[in-house]
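These values consider heavy atoms only, across backbone and side chains, with no hydrogens, waters or symmetry-generated copies. In what follows, every chain begins at residue 1, and chains take the letters A, B, ... in the order their sequences are listed.
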Amino acid sequence: MTPRTITELAAALRDGSTTPRALLDDAFAHVDRTEKELNAYLTVTRELAELQADAAMRTLADHPDTASPLCGIPMALKDVLCVDGIETTAGSKMLRGFKPPYTGTAVQRLFDAGAVCIGKTNCDEFAMGSSTENSAYGPVSNPWDIERVPGGSSGGSAATVAAGSVPYSLGTDTGGSIRQPAALCGVVGFKPTYGRISRYGLIAFASSLDQIGPFTRTVEDCALVYAAIAGHDPRDSTSDPRAVDDPLAALHTGVAGMRLGIPREYLGEGTEPGVRAAVEAAFRVLEAQGATLREVSLPSTDVALSVYYIIAPAECSSNLARYDGVRFGNRVERPSLTEMYLQTRGAGFGNEVKRRVMLGTYALSSGYYDAYYRQAQKVRTLVSQEFEAVFTEVDAIVCPTSPSVAFTMGSRDDPLSMYMCDVVTLPANLAGVPGISVPCGFVDGLPVGLQVIAPRFEDARVLRVAHAYEQATDFHTVRSPYAREAA
Amino acid sequence: MGLSDAEKNRLLGELEAILDHIARLQKVDTSTLAETAQVGDLVNVMRPDEPEEPIGAAAALRNAPVTDGNYFVVGAIQGVELDA
């Protein structure tokens, strides 16, 4: 038996062939077996999971027809998502022991649907990174090769789905932190339109870019989780009040007649030959399904990286000012308040966080604000306009998710080379458009991801294209060694 | 943020390299472009002006390193000046 999807498990829970408790026991047993190598979890929430599994058992017994497809199914949450009373560290020493006094909206919606949370997953500190090597609690290993990174920053959430411990998890994507680890771990990862998922209860990194989204094994599962968490929330003022299109309604309608664009800048010199070959083969599959493919141009892709590495650090330097040792988090005691702030922040933050706080503070300082921050905001407008122009010519964009496959731990110790990982994912965050990564091949046994991007609020279209591709191929059925072990 | 001398030296080199790379932004002609602060089109979002149940002092103070009754405790605000 291979690890199953949400859809399969929901059917099994209803035909009596399994129970929420049995699924939970399997999930914990699998985590116990694999955690020493993978380090995907920061907290395992056994007590919470057992309560939720028992509640799900009652819901399924009383209302089998109306219960959510997510009811009774185990899942995991990136450790930047707040759960009332459950330690939430954001992968930082600063928040060791922090137990939020409330649960975030996206998480609460899953809990209301009957989800069973088995734990909080490891991530780059405050979601800053592309390899999960920046966690204060040690790196996560890629289930396809434990010497390699799973991508980041949601590396733990991607790895646990790829390892087969849970059928889905939530991550967050500020510059590619769902899509890139999904590609590197051979699973589906979806960043919805900015404003579609409430950020209430998400520990903020860069508020104009952050978005919550799911990791799953199939696109259909992804649509199910998205449908459960999407929609307006009065607690997040950037949450959009427009009605959410049912992502399942058009999921199976295929890509015949669709116009798909391939941005020439997204297959540049930095793209590994194996990745290029896998993605180009994927283009031909979509063509065979009846889509029309053509080259398009997003000329500012090159400067989008610079825009991102000004705006994200600027917002981070502001958001992380709250970690001052007064109201929550760790404190280094000193007699004077100023000295306490300095020592608390110096001891609590890791290298990458310090780099970004410094960079952001610099970009926002009075002498440099116009040259850096204001200029970046203007070029951000240009990046959005280029997407809008392309979307008058094509219905969606198809391209690689990451220029490379999973790389060896420790091999990118220069910050700039790490930042380059996000070159084809971060433009979607700057423009607020939805993007997904779906498995599209292997290079030397390491997964490659195909990215699909559509206009804002066309989340259902992203899922439809990804589903059409997935159904025409079998890369999503190939399991990592850890998932095969679970079978 | 308190940084050691070793950290300052390392950050200096790293930030210089990053800023050198970012400098390409200055070449973009932005004379006709407005700034994007947010991608959405929502402005002045207000909730109904109705009282809601507050989180409560006990929950708000639960994670504080040091408290006294319903207060957060910190060191002397003028400590630096007095120390000097």
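In this structure, B/K27 does not pair ionically with A/D302, as no charged nitrogen and carboxylate oxygen lie closer than 4.0 Å.
For residues 50-58 of chain B, the interface with chain A (any heavy-atom pair closer than 4.5 Å) comprises B/I55, sorted by residue number.
Between the CG atom of B/L19 and the OH atom of A/Y309 there is a distance of 14.0 Å, given to the nearest 0.5 Å. Taking CG of B/N63 as the start and NZ of A/K99 as the end, the distance is 9.0 Å to the nearest 0.5 Å.
Heavy-atom pairs under 4.5 Å with chain B were tallied for A/N351, A/L430, A/V357; the largest tally goes to A/N351. Counting heavy-atom pairs closer than 4.5 Å to chain B, the top residue among A/M340, A/R374, A/R235 is A/R374.
A donor-acceptor pair is defined here as one N or O able to donate and one able to accept, closer than 3.5 Å; such a pair exists between the side chain of B/Q26 and the backbone of A/A371. With hydrogens and angles disregarded, no donor-acceptor distance shorter than 3.5 Å links the side chain of B/R62 to the backbone of A/F328. When atom types are taken as modelled, the side chain of A/S237 and the backbone of B/V45 share no donor-acceptor pair closer than 3.5 angstrom.
By the side chain to side chain contact (heavy atoms under 4.5 Å, CB included) test, A/Q108 is found to be paired with A/T103, A/F111, A/D112, residues two or more places apart in sequence or in another chain being considered.
The part of B/A34 that comes within reach of chain A is its backbone (N, CA, C, O), which places non-hydrogen atoms under 4.5 angstrom from that chain.
With no hydrogens or angles considered, a side-chain donor-acceptor pair links B/T30 and A/Q375 at under 3.5 Å.
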